[in-house]
Amino acid sequence: MVPMVDIARLFAAAGGRDIRVTILTTTTNARRISSAIDRDSLSGRRISLITLAFPFKEAGLPEGCENLLSAPTPEINFKLFHGIELLQPEMIDLVRTHRPDCLVTDYLYPWSADVSAELGIPRLAFSGSGFFNLCIADSIEANNPHAQISSESEEFVVPGIPNRVTLTRSQLPDIVKGEAKLSRFFDKLKQAERRSYGVIVNTFHSLEAEYADHYRRVTGLKAWQLGPVSLFINRNFDDKINRENCLNWLDSMKPNSVLYICLGSLTRFSKPQITEISRALEESSHPFIWEGKEQWWLPEGFENRVKQSGKGLIIRGWAPQMAILEHASIGGFVTHCGWNSIMEGVCAGVPMVTWPIFAEQFYNEKLVTQVMKFGVSVGNEVWSVWATEELPLIRGERLRSAVEVVMGGGVEAAEMRRKAVELGKEAKRAVGEGGTSSDELKGLLEEIRGCKSKRRGVEHVA
Ligand SMILES: O=c1ccn([C@@H]2O[C@H](COP(=O)(O)OP(=O)(O)O[C@H]3O[C@H](CO)[C@@H](O)[C@H](O)[C@H]3O)[C@@H](O)[C@H]2O)c(=O)[nH]1
């Protein structure tokens, strides 16, 4: 949601008086973004929000539960998807009424390809992740390399992509391994993607150039790299108090000395896993900031001990992630490899310890550890959406040694930091005047204008 809103704001900012942007979302989600949109409108950008009431009752959900942040359980997950499906006719009606010149929607909304075709307007599919993920997913689906290996833990090479990338079957998403109901849904998404005018991706040339080209070649689709969108637009969604606490604490630390650990907005860990993480952080010689949802499971006295010794800061709720990562004291980032976290870490030039959990996070990990090589893996082998005590534990020792590789004084650490810093500079260049992403954005807006003129021409002749 955050990068999509960034993109909407970016279109409004780049389009001046010429482009009007409307964001369609549900009421509770709208509250998270409305102040940023109001500020944009006040500064003259033509941007507005249309809100729809989420059908909680019909979907069997408690009021206000309209994204996964509040409670990512399997049951709520399915109900949410059901609720979104119920909204579909209303969303389609709104699109028909407003008749935009272009429709940008999440990949997860295949219906938007149909209504765009009906209105003769371009649909741009927003892929929340990067080109690397799209290419790996495409290769695995087309070639089934995991079908030819004998065990879950044996490595296989992903065929036909620009670099040598290895994975194990245990790291693949359920969907790849053939859950029929999900497969049908993902087939629908793919067909909708292929019927779209093109895709837009929050990435930039120096991070994924070969994969952007590979994707365009393999799919024949148009694709635009518009990122890092967080650098184009000032977000300001953070909680002020958390932000001040964190930044004051970080100000008192040495440059590159603090580890930041955040495993995304959706990850939940089992109690034994949290205990292992706490042990590793307490025993490690590096100070840390830990954003976590499982504070109530922290070992007895842990929070007090680390607070009193000045060793660590624990953040409850929403951490000001971008501000933390950008702080000069941050020297490493333990991440679940959600695409936004990777982009934000890259922008800040911070090397990473990768700990993928589910979704496409294992694919993203390989971009960091095997292709661009600015991070090291903690060694998770098993893809799983839900935290259970049966999952193999990542022992504290393993986390500590991965952190040491990234934060220690060795040659490997210096090389990873050099690469991360270089990529951070490239990211900033990409969004600056004449940068690759700025140019792609201009090109995309031109193309949308072109589609509009063509349509007008056709309507005129008709
Ligand atoms: O306390 C927090 C927690 C998160 N964030 C922000 O929330 C976003 C998290 O996004 P991401 O890193 O992509 O993680 P998820 O929320 O887990 O993302 C889901 O969506 C991504 C984009 O499609 C996928 O790459 C992931 O696999 C999937 O889990 C980032 O912008 C963070 O800065 C905060 O600011 N504070």
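All residue numbers in this chain count up from 1 along the given sequence. Numbering of ligands and ligand atoms starts at 1, following listing order.
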Open item on the list: A cation-pi test, strictly: NZ or CZ of Arg169 under 6.0 Å from the centre of the six-membered ring of Trp383 and no more than 45 degrees from its axis. Yes or no?
Closed with: no

I need the atoms of ligand 1 closer than 4.0 Å to a non-hydrogen atom of [X], numbered in the order shown.
X      : value
Gln321 : 32 (C), 33 (O), 34 (C), 35 (O)
Glu360 : 24 (C), 25 (O), 26 (C), 27 (O)
Gly128 : 22 (C), 23 (O)
Trp339 : 13 (O), 24 (C), 25 (O)
Ser341 : 11 (P), 12 (O)
Ala359 : 27 (O)
Gln361 : 26 (C), 27 (O), 28 (C), 29 (O)

TODO: Output all residues satisfying salt bridge (charged side-chain N to carboxylate O under 4.0 Å, His left out) with Glu141, sequence neighbours left out; order by chain, then residue number.
DONE: Lys190

Open item on the list: List the residues meeting salt bridge (charged side-chain N to carboxylate O under 4.0 Å, His left out) with Arg400, not counting sequence neighbours, and say none if there are none.
Closed with: Glu283

Would the distance check show the side chain of [X] and the main-chain N or O of [Y] forming a donor-acceptor pair, the cut-off being under 3.5 Å?
X      : Y      : value
Ser377 : Thr369 : no
Asn364 : Cys337 : yes
Lys311 : Leu281 : yes

Task: Geometric class of the Phe131/Tyr215 ring pair [parallel <30°, tilted 30-60°, perpendicular >60°] - done: tilted

Task: Rounded distance [0.5 Å steps], OH in Tyr260 versus CE in Met352 - done: 11.5 Å

Open item on the list: For the 3.5 Å polar cut-off, considering only N or O atoms, please tell me whether Ala319 and ligand 1 meet it.
Closed with: yes

Pick whichever of [options] has a heavy atom sitting closest to [atom].
atom                    : options                      : value
atom 6 (C) of ligand 1  : Tyr363, Tyr107, Trp318       : Trp318
atom 33 (O) of ligand 1 : Glu291, Glu344, Met343       : Glu344
atom 8 (C) of ligand 1  : Asn67, Asn340, Ile324, Leu68 : Asn340

Open item on the list: Below 4.0 Å, non-hydrogen atoms only: which portion of His336 touches ligand 1? Side chain, backbone, both or neither.
Closed with: side chain

